[in-house]
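Convention: sequence-line order gives letters A, B, ...; per-chain numbering from 1. Keep in mind that the numbers below use all heavy atoms, side chains included, and drop hydrogens, waters and symmetry copies.
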Amino acid sequence: MPADARPLSFDFFNRPADRVARDLLGCRLAVCGPDGTTTRHMVVETEAYLGAHDLACHGSKGMTARTAVMFGPAGVWYVYLCYGMHWMLNVVTGAEGVPAAVLIRGVVGQAGPGRLTRALGIGREFNGRRATRSTGLWFEPGMPVSSRLIDRTPRIGVAYAGDWAAKPLRFVVDPGRLTMVEGGTVRAARRTRSTGPCMRR
DNA sequence: ACGATGATGAAC
DNA sequence: TTCATCATCGTA
């Protein structure tokens, strides 16, 4: 049984989205289900949406009824329906007035933002609510993940965003190098064999 | 009121 | 590559 961890708080989220997205890897998304049972899921994939200047970010089109929460304080859920059927779970980051957020794209066992929310029973009811224990959906710190284990790639599905489409703002824990130990510790998988020159850095 | 459009996922 | 499916937002 994991000891109760202190949820990630405002200070964690009140930073640029790319830093939050990176640091969220290895952390746990905790959900308290309707039956009162809390489940924890290690975050392994995120995307950063940086603000009004980021053309892939919803907030770049200005404030609307949907995107208003992105302009608000950090540490609040931004949940919206995508393609008419998938709920996207984001957490607002950065200073108030800056429309930035991090999309939670994957946790261990659930790849894809739409599948993740479906599996955890997350829907629009969390939109605008804070990521705290009291709302039933929050984050807890995990084992820090070494940068060696993290891939950075362009974000998915934002080809329309001009120069911003290619920015490496998607963060993924390389599953081939992730080892899950009892208790959820993240470690580098043992290198089984070296077939070529050792890649440094 | 109407039409275009997705920060997807699954099937073919 | 096609399609399911619908809230959102610009346009009228």
Side-chain angles (χ1 to χ4, degrees), chain A residues 8 12-27 29 31 41-131 137-139 145 150-175:
Chain A
L8 299 184
F12 180 92
F13 301 105
N14 190 31
R15 299 181 295 150
D18 52 344
R19 293 232 291 282
V20 175
R22 188 254 176 265
D23 291 345
L24 231 26
L25 297 179
C27 293
L29 178 61
V31 203
H41 311 267
M42 185 184 295
V43 177
V44 294
E45 182 178 348
T46 58
E47 277 179 4
Y49 290 86
L50 302 187
H53 58 296
D54 174 0
L55 298 184
C57 180
H58 289 168
S60 68
K61 305 267 198 314
M63 193 189 301
T64 66
R66 180 182 65 156
T67 63
V69 306
M70 290 188 87
F71 290 79
V76 171
W77 298 116
Y78 167 47
V79 183
Y80 68 94
L81 187 64
C82 189
Y83 293 105
M85 56 188 88
H86 303 294
W87 294 105
M88 300 288 109
L89 177 67
N90 302 252
V91 61
V92 176
T93 71
E96 215 166 324
V98 176
V102 171
L103 170 65
I104 310 304
R105 285 195 69 90
V107 297
V108 170
Q110 298 297 335
R115 301 186 64 180
L116 181 161
T117 54
R118 185 159 53 87
L120 304 196
I122 295 166
R124 80 171 331 156
E125 66 272 17
F126 287 102
N127 188 51
R129 304 177 72 173
R130 291 165 57 204
L137 187 63
W138 69 97
F139 288 108
V145 178
I150 299 175
D151 287 340
R152 294 187 58 164
T153 80
R155 294 167 291 185
I156 304 298
V158 298
Y160 58 83
D163 290 341
W164 286 89
K167 308 267 187 198
L169 293 171
R170 173 172 172 246
F171 300 78
V172 190
V173 177
D174 182 347

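Salt bridge absent: A:Asp18 and A:Lys167 never bring a charged side-chain N and a carboxylate O closer than 4.0 Å. Salt bridge annotation for A:Arg170-A:Asp151: absent, with no cationic side-chain nitrogen under 4.0 angstrom from a carboxylate oxygen.
The CH2-P distance, from A:Trp87 to B:dT8, rounds to 15 Å in whole Å. Distance, A:Leu50 CG to B:dA7 P: 16 Å, rounded to whole Å. In this structure, the CG atom of A:Leu81 is 10 Å from the C1' atom of C:dT8, given to the nearest Å. The distance between atom CD of A:Glu125 and atom P of C:dA7, rounded to the nearest whole Å, is 15 Å. Atom OH of A:Tyr78 and atom C1' of C:dA7 are 11 Å apart (whole Å). The distance from atom CD of A:Glu45 to atom P of B:dA7 is 16 Å, rounded to the nearest whole Å. We find that NE2 of A:His86 is positioned 8 Å from C1' of C:dA4, with the value rounded to whole Å. Taking atom CG of A:Leu55 as the reference point, atom P of B:dG6 lies 13 Å away to the nearest angstrom.
Proximity of a side-chain donor or acceptor of A:Arg130 to a complementary backbone N or O of A:Trp77 within less than 3.5 Å is not detected.
For the OP1/OP2 pair of C:dT8 and a distance below 4.0 Å, the side-chain nitrogens and oxygens of A:Arg124 include at least one atom meeting the criterion. Contact check, A:Arg115 against B:dA10: a side-chain N or O comes under 4.0 Å of OP1 or OP2. Between A:Tyr160 and the phosphate of B:dA7, there is a side-chain N or O to OP1/OP2 separation shorter than 4.0 Å. At B:dA10, one or more side-chain N or O atoms of A:Arg118 fall inside 4.0 Å of OP1 or OP2 (strictly under the cut-off).
An aromatic stacking contact between A:Tyr83 and the base of C:dA4 is absent, as defined here by ring centres under 5.5 Å apart and ring planes under 30° from parallel.
Looking only at atom types and distance, the side chain of A:Arg105 has no donor-acceptor partner in the side chain of A:Thr46 under 3.5 Å away.
Residues from residues 57-68 of chain A placing a heavy atom under 4.0 Å of any atom in DNA chain C, listed by number, are A:Thr64, A:Ala65, A:Arg66.
For the pair A:Arg22 and A:Phe171, the cation-pi test (distance below 6.0 Å, angle within 45°) is failed. Seen from the ring of A:Phe126, A:Arg124 does not count as a face-on cation partner, given the 6.0 Å and 45° thresholds.
Taking CD1 from A:Ile156 and CD from A:Glu45, the interatomic distance works out to 7.0 Å, rounded to the nearest 0.5 Å.
Using a 4.0 Å heavy-atom distance criterion, A:Met88 is classed as a sugar-phosphate-only contact.
Stretches of at least 3 consecutive Watson-Crick or G-U wobble pairs, with each checked distance under 3.5 Å, appear in DNA chain C as B:1-6 with C:6-11, B:8-11 with C:1-4.
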